[in-house]
Number of protein chains: 2
Amino acid sequence: MQTKYNLLRQHFEELFALTDDEWNFVQSHFQYKSLKKHQFLIQAGQAVDFEYWIIKGLVKAYSIDDKGKEHILQFAMEKYWVSDHCAFQHQEPGTIFVDCLEDSEFFCLSLENREKICLEVPAVANFFRIKSNYGYINLQQRILSLLTMTAESRYEYLLNKLPKLIQRVPKKLIASYLGVSRETLSRFNS
Amino acid sequence: MQTKYNLLRQHFEELFALTDDEWNFVQSHFQYKSLKKHQFLIQAGQAVDFEYWIIKGLVKAYSIDDKGKEHILQFAMEKYWVSDHCAFQHQEPGTIFVDCLEDSEFFCLSLENREKICLEVPAVANFFRIKSNYGYINLQQRILSLLTMTAESRYEYLLNKLPKLIQRVPKKLIASYLGVSRETLSRFNS
DNA sequence: AGCTAAAAGTGACCTAAATCACTTTTCAAA
DNA sequence: TTTGAAAAGTGATTTAGGTCACTTTTAGCT
């Protein structure tokens, strides 16, 4: 288990160094969780008590529309953070589902604990500040890709950007992420 | 001018309180800028030296595709932050344009100064952390709206969410923001 | 290894929205 | 207050991508 915590420490320290004391304090605010493939991390309608850092595995975050169709908001794997951020931040019932595409392990951080470690350890506040900023930048680019590119070029773009992901995820889910039907994606390209 | 700085201080203090000393330090890292309608704040291809807080006015942030068509990434008005965040963060040439839809005034923050005040004043780091997080949440919702909703319901949704904005912005720009053609938008609704 | 279910591919057809071309309305600057 | 330009509306036509129905392939399970 300590090895797993060390992975998280390394993740924090990619951006800002922490003293051992700081790290021990921070670490004590996370809890471990493990799920099998097909199990839910978050379900719409329920409370979202945590933000999750993925130690190992792969999940999809998605919403389900009135016709029962699923729309993928995010794939998240090792070293990614995932949650229903909106529900988590506002401590409201969630609107999206997150489930495991592979057996997965997580470190869980509650809102209360997040605020506590951010206020206590400025390096952690700065860590989340920069991480959120990168996340924001990524979403802006995804929005631009939805506004400016055809479905086919979004697919090519994703193939280049995250080739490893494509191999771990069924194409029908890639289609859902890109906002295209499975059949249309199947008719693309190479 | 001090009145304008006070607006910015209030904006920071909506999330975390600052001492007068802290504020004086923070304030000294911003510079004032004013532009007339139709002037550019940021242009694709050029360095992006600042992030901007809007004191007064309204701008659009957009990219131009290979066919010369403009796609609106964001509208930003009083109390909003705007920049080419990607280019700014990586200190690379920009890829988007930001120009003024009305005469506008800004406070400008360089990357170096942002990092300086965040490291010096933890409340500022926490401020930007929370702001970025809210921004992230908003973009996730916009992505979901692009994936799950028809153009018409996205329009209705926007009418409810930001009625004031609609009145300040030509409909053809709203169309571009929603990812619909001007003509199609014009055929909608009520 | 054999079997079931999920995933992927494919043809035929349909539709939301884009595009093009033109008219009408609104607005801002002289 | 006129006037020229930008914005908005509208009809006709096209098109990217969706939907439906079915077949083939792949991947987990016992």
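Numbers restart at 1 for each chain; the letters A, B, ... are given by sequence-line order, proteins then strands.
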Subject >> Y32(B) atom OH: more than 12 heavy-atom contacts under 6.0 Å >> reply: yes
Atom-to-atom span, [atom1] of [X] to [atom2] of [N] - whole angstrom:
X	N	atom1	atom2	answer
L146(A)	dA17(C)	CG	P	15 Å
D65(A)	dG18(D)	CG	C1'	13 Å
I166(A)	dA7(C)	CD1	C1'	15 Å
M149(B)	dA16(C)	CE	P	17 Å
R168(B)	dA7(D)	CZ	P	17 Å
K36(A)	dG28(D)	NZ	P	15 Å
L178(B)	dA16(C)	CG	P	18 Å
K171(B)	dG9(D)	NZ	C1'	10 Å

Original post:
Do any N or O atoms from the side chain of D65(B) and from the backbone of T148(A) form a donor-acceptor pair under 3.5 angstrom?
Top reply: no
**OP:** Could you go through the ring-ring contact (aromatic ring centres under 6.0 Å, His included) check for F75(B) and Y177(B) one step at a time?
**Re:** CA-CA 8 Å; F75(B) 292 109; Y177(B) 176 86; 5.5 Å; yes
Subject >> Nucleic acid footprint by protein, nucleotides 18-30 of chain C - heavy-atom cut-off 4.0 Å, B for base, S for sugar-phosphate alone >> reply: BBBB---------
**OP:** For the residue pair F127(B) and F12(B), categorise the inter-ring angle as parallel (less than 30°), tilted (30 to 60°) or perpendicular (more than 60°).
**Re:**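 F127(B) vs F12(B) ring planes: tilted.
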Original post:
Are E105(A) and K33(A) within salt-bridge range, i.e. N to O under 4.0 Å?
Top reply: no
**OP:** Sequence neighbours left out, what passes side-chain hydrogen bond (donor to acceptor under 3.5 Å, both in side chains) with T150(A)? Give chain and number order.
**Re:** S153(A)
Original post:
OP1 or OP2 of dA7(C) sitting under 4.0 Å from any side-chain N/O of K172(A)?
Top reply: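 For dA7(C), OP1 or OP2 has a side-chain N or O of K172(A) closer than 4.0 Å.
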